[in-house]
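The structure appears below as structure tokens.
Not measured: the values here are computed from a predicted model. In listed order, ligands and their atoms are each counted from 1.
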Amino acid sequence: MRSSIFHLVPLLAATLCAAAPLEPTNFLLVTSNQSSPNYNSSDLQVVSATSLFDPYYQPALLLRLIGPGYGSLPNFTLTSGTLHTTASGPHGVGQYEYNSTVVAGGAELQFLASQQPQGNIALEGGYLVTVDGESDGWTVCDSKLSSRTLWWKGVGGNCTQTWLHAVTKAPY
Ligand SMILES: *[C@@H]1O[C@H](CO)[C@@H](O)[C@H](O)[C@H]1NC(C)=O
Ligand SMILES: *[C@@H]1O[C@H](CO)[C@@H](O)[C@H](O)[C@H]1NC(C)=O
Ligand SMILES: *[C@@H]1O[C@H](CO)[C@@H](O)[C@H](O)[C@H]1NC(C)=O
Ligand SMILES: *[C@@H]1O[C@H](CO)[C@@H](O)[C@H](O)[C@H]1NC(C)=O
Ligand SMILES: *[C@@H]1O[C@H](CO)[C@@H](O)[C@H](O)[C@H]1NC(C)=O
């Protein structure tokens, strides 16, 4: 679909490319305490990979930090301000396209296996995940089952600020 748009409107394509020269179409999400990009995600400071998390088989998947030793990491695409990823359904049954819900302050980033309205997520500079144009509201907070999950403007004393980077290679 994107390539046909580019054929029809070459000028728009050139403008978009100039605005976001490095924007990846399929990426991993990692957290870091640095906001500037690093070509090699292993070299980001305090970097952590993320994976989907489904505490107690709730419908909404969350993102949690995951250390070395994982099997695989989820990858994402971004269209209409919404992140998309593929994951198995509750109890590991079936494969679904999960879509991020409209991000709200004081809540975890959530993904549902249903169509979502226009979202408020974008990539700044082609790598830094923003909400409503802001990049500095992501927090990592202590969550259920001893996990640390990604929030937008989590305010608990257990929350620490982070930046969310879209990268093409896993940091570890
Ligand atoms: C990130 O954390 C490391 C280690 O705690 C620290 O040395 C560094 O200054 C921090 N970077 C930023 C941008 O806060
Ligand atoms: C990325 O950085 C890590 C750690 O600094 C290093 O071991 C690895 O070789 C680098 N990878 C590339 C492709 O430069
Ligand atoms: C993205 O993840 C899916 C399912 O987890 C996998 O089948 C696919 O190969 C991955 N794509 C890339 C480009 O890594
Ligand atoms: C997720 O959103 C996409 C694009 O809007 C849609 O095609 C897909 O059906 C949605 N996923 C589910 C499980 O409904
Ligand atoms: C950490 O902060 C979040 C966000 O305010 C809160 O919901 C959660 O209960 C807190 N976790 C613990 C273990 O206190």
Checklist line | Q58 side chain to A60 backbone, donor-acceptor under 3.5 Å | finding: yes
Margin query: Using a 3.5 Å distance criterion without hydrogens, assess whether the side chain of N75 forms a donor-acceptor pair with backbone atoms of N26.
Written below: no
Next item on the list: For the residue pair F27 and F76, categorise the inter-ring angle as parallel (less than 30°), tilted (30 to 60°) or perpendicular (more than 60°).
Entry: parallel
Next item on the list: Sort and list the pairs that fulfil salt bridge (Lys or Arg N to Asp or Glu O under 4.0 Å) and have at least one residue in residues 73-87, not counting sequence neighbours.
Entry: none
Margin query: Is there a polar contact, in the sense of an N or O pair closer than 3.5 Å, between N26 and ligand 3?
Written below: no
Notebook entry, point to check: Under 3.5 Å, is there a donor-acceptor pair between the T82 and Q118 side chains?
Noted result: no
Note to self: Taking G154's backbone N and O only, do any of them form a donor-acceptor pair with T139's side chain (distance below 3.5 Å, no angle check)?
What the structure shows: yes
Next item on the list: Non-hydrogen atoms closer than 4.0 Å to ligand 4: which protein residues do they belong to? List them by chain and number, please.
Entry: E97, N99, A113, S114, Q115
Check: Can you list the atoms of ligand 3 that are under 4.0 Å from a heavy atom of N75?
Finding: 1 (C), 2 (O), 3 (C), 8 (C), 10 (C), 11 (N), 12 (C), 14 (O)
Note to self: Between ligand 1 and N33, is the shortest N or O to N or O distance under 3.5 Å?
What the structure shows: yes
Check: Do the rings of H91 and Y57 sit parallel, tilted or perpendicular, given the 30° and 60° boundaries?
Finding: parallel
